[in-house]
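A quick note: this is a predicted structure, and the numbers were derived from the prediction, not measured. Worth knowing before you read on, the calculation uses all heavy atoms, side chains too, and leaves out hydrogens, waters and symmetry mates. Chain identifiers are assigned alphabetically (A, B, ...) following the order of the sequence lines, protein sequences preceding nucleic acid strands; residue numbering begins at 1 within each chain.
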Amino acid sequence: MRTLLFMALAAVMALGQSRVVTVYVSTDFEHAEPILKEFEKATGIKVEAVSDTEDNKTVGLVNRLIAEAGATRADVFWNNETGQAIRLAKKGILAPYVSANAATIPAGFKDPSGLWTGFGARGRILVVNTQAADPKSAPSRVADLADPKWRGTCVMSKPLFGTTLTHAAVLASTNGKDAMLKWFKSALENGTRFEKGNAPAMKEVSDGGRPFGLTDTDDAHAARLDGKSIAVIYPDQGKDDPGVLLIPNTVMLMKGAPHPEEAKAFIDFVLRPETERALADGRSAQIPLHPGVAKPPHVKGYEDLKVMAVDWNRVADALEGAPDDLGRLFIGTNPNEAVSGGADRTPTYILAGVIALVCVVLIAKRRARA
Amino acid sequence: MIRSGRWTAWALPALCLVAPMTAIGIEAFREGRSIETLLDPAIHGLLVNTLALAALATLFAVVVGFPLGFAIGAYAFPLRSFVVAAAFVPLLVPHHIHTIGWMRWIGRQGWITTRLAEDGIAFDVRAAWIPYVWPGPAWILAMALFPLVALPVADALRRIDRESAAAARIAGGTRAALTAVYMPAAKAVLPGAAALVFALAAGAYAVPSLLDTPVLVQRLFFTFSQRSQGEGALLALPLFVSAAVAASLLGDPSWRRGTLGGAARAVRLPGGPWMTCAALVPVLLGVGVPMAGLIGKLVEESRRTGEGLAAFQLVWARTAASFGNGLLFATLAGLVLLVAAWPLARRFAARPGGASERGLTALIAMPPVLLGVGTILFWKETDGVPVIGGLYRDGLILVVLALAGRFLPIVVRVLRDGFLGLDPSAEEAARLAGASSAKRFRMISLPMMASTLGVAWTAAMTLALVELDTTLLTYPPGMETVQVRIFNMVHYARDAEVSALCLLATALGLLPVVIHALITSGEEERHGHGA
């Protein structure tokens with residue numbers, strides 16, 4: 001029925017004058033591209049895409065969207081996580097749109113006012129190199145990365161961008177910012193290696209650098225497809241554990257979108273169960289949020305897992321302060337060598353010395369010229 | 001000489017560089033923000049790391065690039081044309097591809113690292129050897145940037161006055177010619193080239209990011225995306241000041257006309273096959289190592305999957321349009337760059353080493369994300385204005401102007417050096433004879449500058465073709481470039497396809513160089529100076 005409604009809507013819009021929608025896509029373009037093409041085929045609306053990558057998206061697309069605020073060139077932003085969606089919502093550059101196709105998506109994965117809607121989630125999972133360790137005796141909770149029992153055996157992404165930053169914000173929203181920072185410091189002190197992104201963290205495990213890692217389901221599935229010996233553990237599934245964190249893709253309508261009707265048609269399209277099925281079948285192996293969507297055996301169902309309950313509004317608040325402290329912790333020094341302690345004034349003295357030296361040289365040069 | 005008015009000379013640069021930087025500058029100090037952020041000791045640590053990294057990269061680039069530039073500028077030897085063309089290639093390969101290629105050798109699981117580990121030697125390319133000193137990232141940056149030293153040195157030697165060189169050889173032999181004529185000319189351009197490398201290394205993001213080096217630009221990118229664009233812009237201030245100071249300290253003594261001999265070209269000294277071998281070493285380091293890494297991965301994956309060269313067909317089918325987009329942007333940006341740089345270069349040649357020239361040089365250290373965002377911030381103000389607003393929303397103007405702004409300082413330097421090599425008396429004579437400025441430009445300046453214009457066009461095209469960061473922010477929807485595509489594909493860990501695409505993109509980047517080489521080799525043959 002939804003499909004029929006959608007097709008009818010698409011047919012009506014096909015009669016309109018403008019038949020273009022500009023979509024900014026930060027989900028992996030390889031996964032998004034077939035869906036964009038399918039949309040074009042189904043509706044006759046041409047998609048003009050701007051793509052970005054996980055490693056760079058916050059530098060690229062979100063910066064672009066924020067810079068363009070007030071005169072946006074984008075109609076829709078298809079983001080591959082939730083944190084930046086909330087950030088954009090708080091900046092007031094999104095417009096509300098509640099799609100009929102989002103009705104059966106669980107309430108915890110969408111904004112009540114329709115500023116953003118989640119679909120096709122990725123899980124934050126533990127991975128094991130089965131050639132190096134037995135999955136049965138591997139860490140089973142995210143907290144284990146700071147447990148001395150697993151000292152020097154784990155790897156994860158720095159919590160500065162993407163799903164790992166969202167994960168850190170979720171931890172801050174549930175346990176408090178200080179507890180979150182304390183945990184990351186403990187993990188650092190415990191010898192956990194922090195890589196630039198989830199894909200490098202996955203590579204570190206699959207290449208045998210570390211036996212265990214924390215990453216996303218899509219990275220683990222890609223490694224398996226490439227023939228790596230990887231086992232997946234959905235963490236925190238015990239009785240007293242919080243459950244696995246699922247981070248959905250999010251889609252949102254931009255305020256002042258040049259083609260609002262086409263944008264809504266696009267949002268309706270990607271929020272169909274069929275899109276979730278395509279994402280589950282693909283290399284990204286994403287977890288459908290619509291109930292009853294068929295999926296391949298390697299994709300766990302939302303209903304099969306103990307899923308962490310997340311208050312995304314609190315996550316949004318946590319995202320305001322957390323990045324600054326995490327930035328200090330993970331960029332102020334080399335986190336794989338030392339945990340940031342008190343303010344080290346040595347660089348200030350070095351800089352002062354350099355500045356003094358430069359001044360002397362410049363004065364000497366000026367005098368020599370005179 | 002054509003008397004370009006100050007405002008005319010700055011009109012286009014203002015549009016593509018000054019306006020965006022002003023927009024981002026206003027953003028930096030908006031909402032009562034002050035430079036207090038810069039007093040944070042953690043920022044000082046990152047700045048010290050940045051300066052040390054840039055200084056070490058500059059040192060490595062000079063050590064590798066100067067002998068190469070001297071060899072190809074002063075000597076004739078077998079395969080010289082090949083070496084000259086190959087010396088451009090490191091500039092055509094984006095820094096992240098350089099890094100990926102090198103990591104195949106010296107990364108954690110690299111071939112050399114693994115071999116060393118088998119012998120009990122621990123080697124980590126990412127590690128600081130002593131506090132604040134990161135030789136691994138500095139080396140890879142240097143391997144990407146050393147042509148910026150080699151090519152100006154070679155160009156300076158090419159411009160040595162033929163009679164001076166011959167007189168020195170007759171008087172004291174080859175050694176005397178080398179020490180009295182060739183070496184001073186090469187050393188004259190070295191500080192300027194070093195300042196350029198330093199500025200680019202200080203603002204580089206891809207290499208430190210992939211190797212996890214804690215430098216200021218990493219913090220800047222993070223602040224930019226997670227905190228606020230204004231605060232991020234503020235953090236760029238030390239990079240700009242450092243580059244400006246470097247330009248001031250190193251100076252740019254290539255303006256000393258005594259070292260340059262106008263349009264005449266020196267006879268090259270004879271060099272044997274040993275010279276070919278010596279010149280090939282830096283080329284192998286800058287091109288061979290990363291390319292071998294990419295090809296090795298491609299072969300490895302092809303054998304594993306049994307797909308042969310299918311990766312090439314696959315990526316070509318997917319990305320053919322991206323190649324076209326990149327060429328279109330680069331061509332338009334190249335034209336804008338030449339038009340924008342010409343009057344500025346002329347002014348700088350008339351009064352070299354001025355504050356505005358050094359300020360322009362320092363802008364090279366500006367992280368491209370600032371220029372990209374600044375361009376958007378400025379041009380979105382035109383939204384709703386008839387015609388111009390349409391250009392902002394749908395046109396190419398943003399990406400073309402952003403690319404022009406990004407590389408304007410480099411193209412200005414190339415053209416300025418060309419103007420410095422000209423004999424002003426011919427134009428002065430024409431002026432006194434009553435020739436109009438347009439006629440003097442058409443009949444005198446343009447022919448005399450043809451060779452330099454070719455170099456400038458080649459530089460502009462190749463730099464614009466491989467640019468990623470600014471393009472990412474400004475390209476029109478639906479018109480991604482091949483570099484954007486590569487950066488997307490790196491994330492999927494599909495190494496064979498990435499390697500194939502990088503090799504195709506490098507071949508594309510070589511196109512302007514090959515065209516330029518073909519044109520100039522014909523010209524050299526006509527002058528009787530072919531290698």
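Neither the backbone nor the side chain of B/L468 comes within less than 4.5 Å of any heavy atom in chain A. Using a 4.5 Å cut-off between heavy atoms, B/L216 makes no contact with chain A at all. Only the side chain of B/E480 comes within contact range of chain A, judged by heavy atoms closer than 4.5 Å.
In this structure, the side chains of B/D212 and A/K196 stay at 4.5 Å or more apart for every pair of heavy atoms. Residues A/R73 and B/L398 have side chains in contact (heavy-atom distance under 4.5 Å, counting atoms from C-beta outward).
Of the listed residues A/K203, A/E68, A/E33, the one with more heavy-atom pairs under 4.5 angstrom with chain B than any other is A/E68. Options B/I43, B/L47, B/L39, B/L51 differ in how many heavy-atom pairs under 4.5 Å they form with chain A, and the most are formed by B/L47. Ranking A/V23, A/L326, A/T72 against chain B, the residue ahead of the rest is A/T72, based on heavy-atom pairs under 4.5 Å. Taking chain B as the reference chain and counting heavy-atom pairs below 4.5 Å, the highest number among A/G83, A/S284, A/A69, A/G209 is found for A/A69.
Between B/D383 and A/A71, the closest heavy-atom pair is OD2-CB, 3.4 Å. Nearest heavy atoms, A/R64 versus B/T474: NH1-N, 3.5 Å. The shortest heavy-atom contact between A/S51 and B/L472 is O-CD1, 4.1 Å.
Under the rule for a salt bridge (charged side-chain N to carboxylate O under 4.0 Å, His left out), A/E40 has no partner lying at least two apart in sequence or in another chain. For A/A316, the side-chain contact (heavy atoms from CB on, under 4.5 Å) test picks out A/I86, A/K90, with sequence neighbours left out.
A donor-acceptor distance shorter than 3.5 angstrom exists from the side chain of B/K380 to the backbone of A/A67, with no hydrogens or angles considered.
Atom CE of B/M479 and atom CD of A/E48 lie 9.0 Å apart (nearest 0.5 Å).
Cation-pi check for B/R219 over A/F330 is not met; the charged atom does not lie both under 6.0 angstrom from the ring centroid and within 45 degrees of its normal.
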